[in-house]
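Read through the structure below, which is laid out as structure tokens, and then see the notes.
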Amino acid sequence: MGKIIDQIKQGKVLVSDGAWGTFLQQKGMQPGECPEEWNISHPDDVLDIAKNYIRAGSDMIETNSFGGTKFKLEKYELADKVFELNKAAAEISRKAAGDKFVLGSIGPTGKILMMGEVTEDDLYKAFKEQAKGLEAGGADAIMIETMTDLDEARLAIKAAKENTGCEVFCTMTFEKTVNGEFRSMMGVAPTDMVNTIIDAGAELIGANCGSGIANMIGIVEEIRKANAEIPILIHANAGMPVYQDGETVFPETPDEMAQLVPKIISAGANAVGGCCGTTPEHILQVRAAVDKK
Ligand SMILES: [Zn+2]
């Protein structure tokens, strides 16, 4: 049993980190720049993000590697730098983490299997290459996230599981439909996800991104109903993004987010953190809410 899962099995609720993408933009990353390239060109800025989340009380922090497969990096002509950029990402977070955990972030490739844009083998190889870079840089776990296609999620989990010694986690992104049901963009329900990704080897599952923490309560309840044991992690956005004065704004305040943390935990979540729009202040308050529980 891995170290993170071990702590959860001991009954601890773990606090994760908040957004990286929006934080990089605040630090001056321009549209059209490759976020992962910043691990080499602006390592101190990336390190500062990691340190901010550790200072806010995170038990685990992610890495700046969400778009680190060759399929994302080839848009910036960096497809030959997959291993290097992911290793650097994990090294930076490792440096900030101290005795806390590092989750090596892996996001979707942007390629759609069903449309024949890639084969299963292409995806497996791409995720394998990324996961190995993250492990080499010191990641404790591989955090496969924002998945909407169950097959892509399954292949990413298998690739990480079969080629690294890291714990392997996976969260998918769900929205509420007009009928009030939770579905991923590719039509996957939380309950459809559970068995497939556990069978593929995910040791912790859950949901990330989406439209705010309130919806996450229902998602956690559905996952918990389908499986009483599996550790659940939630990385919630700071609400539904709104377009205001030419920029995207995430409306949920740290206080609003923290108020719902006890409900998320009661529903069955074992780890809570933020996704898009959340800040160290959100995590600070989530930490306080978890500690009060
Ligand atoms: Zn997000």
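If you're wondering where the values come from, they're calculated on a predicted model, not measured in any experiment. In listed order, ligands and their atoms are each counted from 1.
The angle Cys275:SG - the Zn ion (ligand 1) - Cys276:SG amounts to 130°, with values rounded to 10 degrees.
Ring geometry, Trp20 versus Tyr53: the interplanar angle falls from 30° to 60°, so the pair is classed tilted.
Using a distance-only test at 3.5 Å, with no hydrogens or angles considered, a donor-acceptor pair links the side chain of Asn64 to the main chain of Pro35.
Among the atoms of Thr146, no N, O or S atom falls under 2.8 Å of the Zn ion (ligand 1). Among the atoms of Cys209, an N, O or S atom falls under 2.8 Å of the Zn ion (ligand 1).
A donor-acceptor contact closer than 3.5 angstrom is absent between the side chains of Thr196 and Asp199.
Ion pairing of Arg154 with Glu120 is present here, as a side-chain N (NZ or NE/NH1/NH2) and a carboxylate O approach within less than 4.0 Å.
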